[in-house]
*Asks:* 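I'd like to ask some things about the structure below.
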Amino acid sequence: MVTTEQIHLIKGDSRDILKEMKDESIDLVVIDPPYDINYKTSYRTDKGHRFCQPIKNDNNFIIREVIDDLYRVMKPNSACYMFWSIKKYAELMELLETTKFKHKNTIVWKKNNWTAGDLQASFGQQYELIILLNKGRAKFNGKRLSDVWEFSRVAGKEQYHQNQKPVDLIEQILQKHSDEGDVVLDCFMGSGSTGVACKNLNRKFIGIELDEEYFNIAKERING
């Protein structure tokens with residue numbers, strides 16, 4: 001565990017840790033949970049690379065186990081942004097129907113590149129989904145945006161995690177649905193991009209990560 005006045009990092013299982021958190025204590029949730037697709041990178045020639053190992057807990061529908069606690073810890077009229085895979089979109093929508101969350105948008109994140117896969121029979125996928133949920137009605141700050149966002153993916157030496165999200169994308173989320181000093185939760189922290197964005201924009205951050213290697217990377221990125 002790493003704690004400062006602004007940053008609180010916890011190594012552990014979000015399913016357990018969320019249950020210990022206070023009701024209505026979080027201003028904004030930004031998460032990229034496992035999608036239940038057992039994801040690993042397949043294009044690297046070095047098959048011993050960390051990115052070629054499946055992400056922990058990506059072999060079960062873990063969001064089902066935390067969705068009610070996420071709602072509980074969020075303040076009234078607050079937002080939750082959830083990165084998600086089109087491969088499991090129907091299952092997520094079915095789950096959300098059983099909760100009190102209001103599904104406000106499915107945002108399309110358009111990237112600057114696309115997938116490989118079957119080069120002769122399937123077109124390259126160039127997007128990911130971001131699900132915007134509300135507890136109550138969370139008004140956004142500033143001007144209204146479209147539901148298609150264009151941000152370059154993280155690559156090369158800047159990539160610490162195979163599913164790493166760009167800090168500038170996270171910063172846009174923070175600017176639309178939080179203010180300076182607000183508490184932002186990412187209970188699937190990965191390599192800590194949400195924490196970096198919070199530090200940049202003067203938000204308080206609570207990050208939870210199960211994987212020790214990624215926890216240490218996040219700690220170094222956020223506190224470095």
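Worth knowing before you read on, the calculation uses all heavy atoms, side chains too, and leaves out hydrogens, waters and symmetry mates.
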*Asks:* Locate the shortest heavy-atom distance separating N141 from S178; write the atom from each residue and the value.
*Replies:*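 So the minimum-distance heavy-atom pair works out to ND2-O, 3.1 Å.
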*Asks:* Side chains of residues 165-174: which donor-acceptor pairs under 3.5 Å do they make with residues two or more places apart or in other chains?
*Replies:*
residue	atom	partner	partner atom	Å
K165	NZ	D32	OD2	2.5
K165	NZ	N163	O	2.7
E171	OE2	N200	ND2	2.9

*Asks:* As an exercise, state the distance from NZ of K87 to CG of L129, rounded to the nearest 0.5 Å.
*Replies:*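 Those atoms lie 12.0 Å apart.
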*Asks:* Using modelled atom types only, decide if a donor and an acceptor are shared between the side chain of N77 and the backbone of R137 within a distance under 3.5 Å.
*Replies:*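 Such a contact is found between N77 side chain and R137 backbone.
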*Asks:* Counting only N and O atoms by type, is there a donor-acceptor contact under 3.5 Å from the side chain of D211 to the main-chain atoms of G190?
*Replies:*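 Flag not set: sc D211 to bb G190 has no pair under 3.5 Å.
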*Asks:* Using 0.5 Å steps for rounding, measure from the CG atom of D13 to the CD atom of E209.
*Replies:*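 Spacing of CG (D13) from CD (E209) equals 10.0 Å.
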*Asks:* Search all heavy atoms of I26 against all heavy atoms of M21 and return the closest pair with its distance.
*Replies:*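 Taking every non-hydrogen atom into account, CD1-CE, 3.7 Å.
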*Asks:* Are the side chains of V29 and M82 in touch, meaning some heavy atoms are under 4.5 Å apart?
*Replies:*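 No, their side chains stay 4.5 Å or more apart.
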*Asks:* Measure the spacing between OG of S14 and CD1 of I62 and express it to the nearest 0.5 Å.
*Replies:*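 Spacing of OG (S14) from CD1 (I62) equals 5.0 Å.
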*Asks:* What residues, two or more places apart in sequence or in another chain, satisfy ring-ring contact (aromatic ring centres under 6.0 Å, His included) together with Y81?
*Replies:*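 For Y81, the residues satisfying ring-ring contact (aromatic ring centres under 6.0 Å, His included) (neighbours in sequence not counted) are H177.
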*Asks:* Could you measure the distance from the CD1 atom of I107 to the CD atom of E128? Nearest 0.5 Å is fine.
*Replies:*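 Rounded to the nearest 0.5 Å, the CD1-CD separation comes out at 12.5 Å.
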*Asks:* Show your working on side chain to side chain contact (heavy atoms under 4.5 Å, CB included) between Y214 and M189 and close with a plain yes or no.
*Replies:* CA-CA 8 Å; Y214 284 135; M189 178 173 59; over 6 Å; no
*Asks:* Tell me whether F83 is reachable from L18 by hopping between hydrophobic residues (I, L, V, M, F, W, Y) whose side-chain heavy atoms are closer than 4.5 Å.
*Replies:*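 Per the 4.5 Å side-chain linkage, L18 and F83 are co-clustered.
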*Asks:* Would you mind reporting whether I217 and H161 have side-chain heavy atoms less than 4.5 Å apart?
*Replies:*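 Answer no - side chains too far apart.
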*Asks:* Who are the salt bridge (charged side-chain N to carboxylate O under 4.0 Å, His left out) partners of E65, not counting sequence neighbours?
*Replies:*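 Here the qualifying residues are R15.
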*Asks:* Taking it one step at a time, do R64 and E91 satisfy side chain to side chain contact (heavy atoms under 4.5 Å, CB included)?
*Replies:* CA-CA 10 Å; R64 187 189 306 278; E91 289 91 333; 5.8 Å; no
*Asks:* Check L70 against C187 and note the closest heavy-atom contact, atom names and distance.
*Replies:*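 The answer is CD2-SG, 3.9 Å.
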*Asks:* With distance as the sole test, does Q126 use its side chain to make a donor-acceptor pair with the main-chain N or O of K110 at under 3.5 Å?
*Replies:*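 Between the backbone of K110 and the side chain of Q126 there is no qualifying donor-acceptor contact (under 3.5 Å).
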*Asks:* Please verify the inter-ring angle class for F61 with W84; under 30° counts as parallel, over 60° as perpendicular, anything in between as tilted.
*Replies:*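 Aromatic pair F61/W84 classed perpendicular.
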*Asks:* Decide yes or no on side chain to side chain contact (heavy atoms under 4.5 Å, CB included) for I63 and I31, but give the supporting numbers first.
*Replies:* CA-CA 10 Å; I63 191 63; I31 55 174; 4.0 Å; yes
*Asks:* Do you reckon Y160 sits in the same ILVMFWY cluster as V154, going by side-chain contacts under 4.5 Å, direct or chained?
*Replies:*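 No.
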*Asks:* With ring pair (Phe, Tyr, Trp, His ring centres under 6.0 Å) as the rule and sequence neighbours excluded, what pairs involving residues 102-152 come up?
*Replies:*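 Ring pair (Phe, Tyr, Trp, His ring centres under 6.0 Å) check on residues 102-152 returns no pairs.
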*Asks:* Of all the heavy-atom pairs spanning K204 and G181, show the shortest one and how long it is.
*Replies:*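 Looking at all heavy atoms of both residues, the closest pair is CD-O, 3.7 Å.
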*Asks:* Name the residue from L9, L185, D186 that meets the side chain to side chain contact (heavy atoms under 4.5 Å, CB included) definition with I208.
*Replies:*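 Exactly one option meets the side chain to side chain contact (heavy atoms under 4.5 Å, CB included) with I208, and it is L185.
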*Asks:* So, taking the atom named CG in D179 and the one named CG in L201, what distance separates them when rounded to the nearest 0.5 Å?
*Replies:*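 The distance works out to 11.5 Å.
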*Asks:* Please check if the side chain of R221 supplies one atom and the backbone of V196 the other of a donor-acceptor pair under 3.5 Å.
*Replies:*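 Judged by distance alone, no pair lies under 3.5 Å.
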*Asks:* Test of understanding: with side-chain hydrogen bond (donor to acceptor under 3.5 Å, both in side chains), list the residues that count as partners of E180, not counting sequence neighbours.
*Replies:*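 Checked E180 against side-chain hydrogen bond (donor to acceptor under 3.5 Å, both in side chains); matches are N202.
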*Asks:* Would you say S78's side chain and M74's backbone share a donor-acceptor pair under 3.5 angstrom?
*Replies:*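 No, the answer is negative, given that no donor and acceptor are paired below the 3.5 Å cut-off.
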*Asks:* Any ion pair linking D27 and K75 (charged N to carboxylate O, less than 4.0 Å)?
*Replies:*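 D27 and K75: salt-bridged.
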*Asks:* Could you check if a side-chain atom of P76 sits within less than 4.5 angstrom of a side-chain atom of E24, using non-hydrogen atoms only?
*Replies:*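 A side-chain contact under 4.5 Å exists here.
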*Asks:* Please give me the minimum heavy-atom distance between A138 and A79, naming the atom from each residue.
*Replies:*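 Smallest interatomic distance, heavy atoms only, reads CB-N, 3.8 Å.
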*Asks:* Going by ring-ring contact (aromatic ring centres under 6.0 Å, His included), name the residues that satisfy it together with F101, two or more places apart in sequence or in a different chain.
*Replies:*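 Checked F101 against ring-ring contact (aromatic ring centres under 6.0 Å, His included); matches are Y71.
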*Asks:* Check whether Q164 reaches the backbone of E158 with its side chain - one donor and one acceptor, N or O, closer than 3.5 Å.
*Replies:*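 Such a contact is found between Q164 side chain and E158 backbone.
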*Asks:* Any sub-3.5 Å donor-acceptor pair from K104's side-chain atoms to N134's backbone N or O?
*Replies:*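 Side chain of K104 to backbone of N134: no pair is present.
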*Asks:* Can you confirm whether E212 sits close enough to K11 that some side-chain heavy atom of one is under 4.5 Å from a side-chain heavy atom of the other?
*Replies:*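 Result yes, sub-4.5 Å side-chain heavy-atom pair found.
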*Asks:* Under 3.5 Å, side chain of R203 to main-chain N/O of A197, donor-acceptor pair present?
*Replies:*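 Not at all, since once roles are kept as given, no pair shorter than 3.5 Å links the two residues.
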*Asks:* Calculate, to the nearest 0.5 Å, the distance between atoms CD1 and OG1 belonging to I67 and T98 respectively.
*Replies:*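 Output value for this atom pair is 8.0 Å.
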